[in-house]
Amino acid sequence: MKKIEAIIKPFKLDDVKEALQEIGLAGMTVTDVRGFGRQKGHTELYRGAEYVVDFLPKVKIELVVDNGLVERAVEAIKTAAHSGRIGDGKIFIIPVEDAVRIRTGETGGEAL
């Protein structure tokens, strides 16, 4: 099993959710986060004073999938979140040792 974490632009969330549902993935966790990478934020004007907005709003999607679905899930996220502009985001793939469904006690792939 692998955990996929994707940091994307907020307006791309619905596109990514639909792309993942099309390949059969239904469960995910979504968190509103803030951060910056190469874009290093931007400057805004407020009441005549300039200030730097370092942390930009992003969305973090987390899902755990069987090893056989990792490539399809990553490709679906990559395609749906792509705008071609700086700040499109990142995808991280992390090994998962085990999973347990609390309600039934199922473990491993059955718990997903």
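Please read all numbers here as calculations on a predicted model, not as lab measurements. For reference, positions follow the sequence shown, starting with 1. Because only heavy atoms are used, hydrogens play no part in the values below, and waters and symmetry mates are left out as well, while side chains stay in.
Minimum interatomic distance between Asp15 and Ala80 (heavy atoms only, all atoms of both residues): O-CB, 3.6 Å. Scanning all heavy atoms of the two residues, the minimum distance from Ala76 to Leu20 falls at CB-CD2, 4.3 Å. Taking each heavy atom of Arg101 and Leu112 in turn, the nearest pair found is NH2-C, 3.5 Å. Of all heavy-atom pairs spanning Ala111 and Ala99, the tightest one is CB-O, 3.7 Å.
Rounding to the nearest 0.5 angstrom, the gap separating the CD1 atom in Ile93 from the CD atom in Glu71 is 9.0 Å. One finds the CZ atom of Arg72 at 11.0 Å from the CD atom of Glu22 (value rounded to the nearest 0.5 Å). Note that CE of Met28 and NZ of Lys60 are 14.5 Å apart. Values are rounded to the nearest 0.5 Å.
Between Lys2 and Ile94 there is no side-chain heavy-atom pair separated by less than 4.5 Å. Between Ile23 and Leu69 there is no side-chain heavy-atom pair separated by less than 4.5 Å. Side-chain contact between Thr29 and Leu63 is absent, with no heavy-atom pair separated by less than 4.5 Å.
Note on Lys78 versus Glu75: salt bridge recorded, some NZ/NE/NH1/NH2 to OD/OE distance being below 4.0 Å.
Side-chain N or O atoms of Asp98 include one that pairs as donor or acceptor with a backbone N or O of Gly108 at under 3.5 Å. Under a 3.5 Å cut-off, the side chain of Lys3 and the backbone N or O of Phe92 do not form any donor-acceptor pair. Side-chain atoms of Asp88 come within 3.5 Å of backbone atoms of Ser83 as a donor-acceptor pair (strictly under, hydrogens ignored). At least one donor-acceptor pair under 3.5 Å links the side chain of Thr104 to the backbone N or O of Glu106. Between the Arg34 side chain and the Lys58 main chain, no donor and acceptor come within less than 3.5 Å of each other.
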Give the intermediate values and the outcome of side-chain contact (heavy atoms from CB on, under 4.5 Å) for residues Asp66 and Met1. CA-CA 4 Å; Asp66 281 321; Met1 292 180 293; 4.0 Å; yes
Does the side-chain contact (heavy atoms from CB on, under 4.5 Å) test come out yes or no for Ile7 and Glu5, once each step is laid out? CA-CA 7 Å; Ile7 311 293; Glu5 289 186 5; 5.7 Å; no
Evaluation steps, side-chain contact (heavy atoms from CB on, under 4.5 Å), between Ile61 and Val16: CA-CA 9 Å; Ile61 300 169; Val16 171; 3.6 Å; yes
Could you please spell out the steps behind the side-chain contact (heavy atoms from CB on, under 4.5 Å) verdict for Val59 and Val33? CA-CA 6 Å; Val59 171; Val33 296; 5.9 Å; no
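Placement of Ile8 and Ile91 within a single hydrophobic cluster is found when ILVMFWY residues are connected by side-chain heavy-atom separations under 4.5 Å, directly or transitively.
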